[in-house]
2 protein chains.
Amino acid sequence: MARRAHTVTIVDVAREAGVSKSSAARVLAGRGSASPATQQRVQDAAERLGYRPNALAKAMISGTSNTLAIVIPDVASPFFSAVVRGASDAAHAAGFEVLLGNTDNDRDIQARAIDVLREKQVDGFIVAPVFEDDPGSVRALVDDDIPVVLLDRRMPALADVPLVSVDHIAASRAAVEHLIELGHHDIAIVTEAAGSLDELRGGTDDAHTLRPSHQRLLGYLDALQAHGIPVDPALVLSSAYDADSARAAVAEALQSRRFTALYCTDSVLTLGAYTHIVDSDLSLPGAFSFVGFDDQEWTTLVRPAVTVVDQPRYRLGAATANMLIARIRRIGEVPSDMLLDAQLITRASTSRPV
Amino acid sequence: MARRAHTVTIVDVAREAGVSKSSAARVLAGRGSASPATQQRVQDAAERLGYRPNALAKAMISGTSNTLAIVIPDVASPFFSAVVRGASDAAHAAGFEVLLGNTDNDRDIQARAIDVLREKQVDGFIVAPVFEDDPGSVRALVDDDIPVVLLDRRMPALADVPLVSVDHIAASRAAVEHLIELGHHDIAIVTEAAGSLDELRGGTDDAHTLRPSHQRLLGYLDALQAHGIPVDPALVLSSAYDADSARAAVAEALQSRRFTALYCTDSVLTLGAYTHIVDSDLSLPGAFSFVGFDDQEWTTLVRPAVTVVDQPRYRLGAATANMLIARIRRIGEVPSDMLLDAQLITRASTSRPV
DNA sequence: TTGAAAGCGCTAACAT
DNA sequence: ATGTTAGCGCTTTCAA
């Protein structure tokens, strides 16, 4: 695989301009000094030859590639694609390019992605890590002093690594309080973290090293407790991370226990749960109130439109990239953590119980 | 911005192993010959020191960065995010990484993105170009012999550049024929290409240098013509590229002209048009049949579920990347064009007219 | 089999 | 102000 046929280098420009390589380099880089005459000749020559700097060569010397790696489960998901867009925009605005890695939440794939991107000498990493006990390559990155900012989640083993995330607890609390304030008492939650109900009650000290799903469940518990409503485990509907499981969980719960409101803690679960609602004979919001997660396109399309917790996805990506860049550039005291607020968008799917 | 503190290079490994730089290089690259003893010592040393090759240095020499650029309007869109995922997977499978550029369909932004990525010495480009008369930087790329594969669209000025796209005409034809076969005669279409109705009738010679929206309109015309149904301009609803415009177009048309079926030629227009339908008193599919574009999440959530034209987004991205890689590697005769078939998914929103 | 040396395209002292 | 030189980390002749 030979090099491109006609690559014009700085040497070619220098020759064409009749100056030394370093003179050409100086005017092309706009650094150092050069006589107006030289500048002119070099610029003309560069123009004439169609000179384009080789960023790789520059990177070799400076040790800086002006490239960020962003390692996430899946760009094709509505959440992460918006995040990537935000990160990408922020990166470009600061003169960085973005190298993309998908992990499918698989430990080994993540490890491979990180290693390859490392070899490409990226200046830093944005990682939405596979949530496991073993932090794997992410730890290696941090230990080798490569700038890393975590996105959306952080396991205990990475507690020392900066994080940009949404305040999942507060978001969840707001959603449930909205229902409580409307007058609901029997509020069910669909969660993939139900297994940890007991541990969760222990303490919330290191809440920021819990999975987002756990944090969201925590917010639910918080809200109930704050309003003196006892937690009924029968209303904590456990679901796997797929729509159909959520649908089934809701269907089953509706048969065995009466409740007037349902809160879903994730976009996929929201979709599944709503699928059941739409096919049931429940009439929203009179007989039943529904709160979803993430402001998906369909939530305003269905009738009644769905009240949701809206995560600032784009801003999340942008903030993460900006924090990473600040760390790369070692700008002052970069805060180590940043929590963005989600927003509760109240629509017609929630109302006071009848 | 100094180089990372402790970067262990091939020289370090060589020293540690007590061999020359070139010997170390040989075993590390697995090329050339080295005695078993040397191999062992070098590998041990590399392991001990935690050696990681510098892909940039390699790229400088080989002239190959094993990196692809993918330049699209917006990763945050459902269509392109899936495409990117497909391209990314195919690229990784072939040992390439992916550098991402968003253009927002803006000429200048596209130009800047392409230039920067070029300087990073990517081996090739996937571009979903801003559809304009002036091909700009894309032309420059091609003229400089940098491998490019176009994605989804190709203007006349780039007619000589390979393209991977969906067969928009056939897709559209299938959708409309489905309606015709159900017995519909008065079939409206929502399109952003209505202005070109007259030119379109001219000829379809260079159909692959028309905008996708034009091609889809063409498929509609084809289907009608093939079944001897005259085209009624009043049923070609012109819309800007936004949901609300589509909504308004449909609302207006329903007041002035009777028709029993509606076909939307794009996901955004589909959303807008459906918004009106859902708020109207039309009962689907009895009184009215509806065909949307792109299999969006909500199309199976609403009742009746929506019949749609489903584009193979992921495969589109994967095929594009694979074609680009084949060209980069100059593998045999790489086909210059590739059209994937979209699939009509018939659901409950279409039925015979009553 | 191994090592010495040149060089990819560029930057950055250091002289002049 | 300009040129010479060394060198980033690696590969690749070319000798030995």
Side-chain angles (χ1 to χ4, degrees), chain A residues 1-43 45-46 49-67 118-123, chain B residues 1-43 45-46 49-67 118-123:
Chain A
M1 226 127 320
R3 186 164 331 98
R4 187 135 295 106
H6 299 302
T7 281
V8 14
T9 75
I10 210 166
V11 182
D12 301 318
V13 174
R15 188 181 315 122
E16 172 85 6
V19 300
S20 77
K21 191 174 63 158
S22 28
S23 286
R26 269 185 295 253
V27 343
L28 258 17
R31 246 192 301 273
S33 44
S35 73
T38 305
Q39 287 188 299
Q40 199 50 249
R41 313 188 55 188
V42 171
Q43 262 148 7
L49 267 37
Y51 168 76
R52 290 171 182 281
N54 181 328
L56 260 37
K58 280 191 180 144
M60 282 231 34
I61 294 174
S62 67
T64 299
S65 61
N66 285 318
T67 305
R118 246 190 106 147
E119 294 183 357
K120 293 240 149 99
Q121 312 299 117
V122 299
D123 295 332
Chain B
M1 226 130 317
R3 186 167 330 99
R4 185 135 300 98
H6 300 303
T7 280
V8 13
T9 77
I10 210 167
V11 183
D12 299 320
V13 174
R15 188 180 317 122
E16 173 84 7
V19 299
S20 76
K21 190 173 66 160
S22 28
S23 288
R26 269 184 298 252
V27 341
L28 258 16
R31 246 191 303 271
S33 45
S35 72
T38 304
Q39 289 189 299
Q40 198 50 249
R41 312 188 55 188
V42 171
Q43 263 148 5
L49 267 37
Y51 169 76
R52 292 169 181 281
N54 180 329
L56 259 37
K58 280 190 179 143
M60 281 228 39
I61 294 175
S62 66
T64 299
S65 61
N66 285 318
T67 305
R118 245 188 110 147
E119 294 182 358
K120 292 239 149 101
Q121 312 299 117
V122 298
D123 296 332

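This structure is a prediction, so every number in the text was calculated from the model and none was measured. Order of the sequence lines fixes the chain letters, A, B, ..., with proteins taken first and strands second; residue numbering starts at 1 for each chain. Reckoned from all heavy atoms, side chains included, excluding hydrogens, waters and symmetry mates.
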In whole angstroms, how far is the P atom of C:dA5 from the CD1 atom of B:I10? 18 Å
I'd like to check B:K120 versus B:T67 (side-chain heavy atoms, cut-off strictly below 4.5 Å). Are they in contact? no
Between P of D:dT11 and CG of B:L56, the distance in whole Å: 13 Å
Distance in angstrom units between A:R15 CZ and C:dC10 P, rounded: 13 Å
Which residues within residues 19-35 of chain A lie with some heavy atom under 4.0 Å of an atom in DNA chain D? A:V19, A:S20, A:K21, A:S22, A:S23, A:R26, A:S33, A:A34, A:S35
With heavy-atom distances below 4.5 Å as the criterion, would you say the side chains of A:V42 and A:L28 are in contact? yes
Specify the separation, in whole Å, of atom CD1 of A:I61 and atom P of D:dC8. 10 Å
Rounded interatomic separation in angstrom, taking CE from A:M60 and C1' from D:dC8: 4 Å
Take atom CD of A:E119 and atom P of D:dT11, then tell me their distance rounded to the nearest Å. 11 Å
Identify the heavy atoms of B:A55 and A:Q121 that sit nearest to each other, and give their distance. N-OE1, 4.4 Å
Hey, could you give me the CZ/CD1 distance between A:R26 and A:I10, rounded to the nearest 0.5 Å? 10.5 Å
Can you tell me which nucleotide in C:dT2, D:dT2, C:dC8 comes closest to the side chain of B:T38? C:dT2
Backbone N or O of B:A17 within a donor-acceptor pair of the B:R41 side chain at under 3.5 Å? yes
Could you give the CG-to-P distance, from B:N54 to D:dT11, as a whole number of Å? 10 Å
Whole Å only: how far is the NZ atom of B:K120 from the C1' atom of C:dC8? 19 Å
Heavy-atom closest contact (A:L56 atom, A:N54 atom, distance): N-OD1, 2.7 Å
